[in-house]
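Below is one structure; the comments refer to it alone.
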Amino acid sequence: MKKLVEVLGTLLLLSGVCGVVRELTDGEFRFLALTRFLTEGVPFLRGYEIAANVVVAAMGLGMAIAGDRYGRARA
């Protein structure tokens with residue numbers, strides 16, 4: 001369970017950071033198109049793509065930290 005939470009947190013963190021980079025460069029990096037589905041597919045997030053990606057990155061960081069602490073607490 002610890003590894004799953006850490007991996008999901010890391011993926012969310014990377015997706016959020018890539019989304020911010022993609023939005024700041026106006027979609028210059030086409031290989032970061034996965035992040036488009038996280039924010040552009042949700043109607044109420046239109047216009048707030050950078051903030052949404054920052055929140056996704058923060059959630060990922062929180063999950064990665066929680067997974068690490070969960071492993072330490074159980075050891």
Side-chain angles (χ1 to χ4, degrees):
M1 185 68 167
K2 171 188 181 255
K3 276 293 186 196
L4 178 66
V5 172
E6 285 180 345
V7 169
L8 286 176
T10 303
L11 288 175
L12 277 176
L13 176 65
L14 288 175
S15 295
V17 170
C18 289
V20 169
V21 169
R22 183 179 176 277
E23 291 297 325
L24 290 177
T25 59
D26 239 2
E28 188 69 28
F29 299 104
R30 298 225 181 249
F31 63 90
L32 298 176
L34 169 69
T35 62
R36 190 184 70 186
F37 297 112
L38 289 174
T39 56
E40 290 181 13
V42 183
F44 63 86
L45 291 179
R46 296 228 170 108
Y48 300 103
E49 289 88 3
I50 293 177
N53 283 312
V54 168
V55 169
V56 169
M59 286 187 340
L61 181 63
M63 283 182 66
I65 291 172
D68 183 50
R69 293 204 178 176
Y70 177 76
R72 288 184 188 174
R74 294 194 46 116

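Here, residue 1 is the first one in the sequence, and each next residue gets the next number.
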I'd like a table of donor-acceptor pairs (distance under 3.5 Å, sequence neighbours excluded) in which one partner is a side-chain atom from residues 11-27, with atom names and distances.
{"from": "Ser15", "atom 1": "OG", "to": "Leu11", "atom 2": "O", "distance (Å)": "2.9"}
{"from": "Thr25", "atom 1": "OG1", "to": "Val21", "atom 2": "O", "distance (Å)": "2.9"}
{"from": "Thr25", "atom 1": "OG1", "to": "Arg22", "atom 2": "O", "distance (Å)": "3.3"}

Per-pair distances, 0.1 Å, donor-acceptor, side chain in residues 43-52, under 3.5 Å, sequence neighbours excluded:
{"from": "Arg46", "atom 1": "NH2", "to": "Glu40", "atom 2": "O", "distance (Å)": "3.2"}
{"from": "Glu49", "atom 1": "OE1", "to": "Gly47", "atom 2": "N", "distance (Å)": "3.3"}
{"from": "Glu49", "atom 1": "OE2", "to": "Gly47", "atom 2": "N", "distance (Å)": "3.2"}

N/O donor to acceptor pairs below 3.5 angstrom from side-chain atoms of residues 56-64, sequence neighbours left out:
none

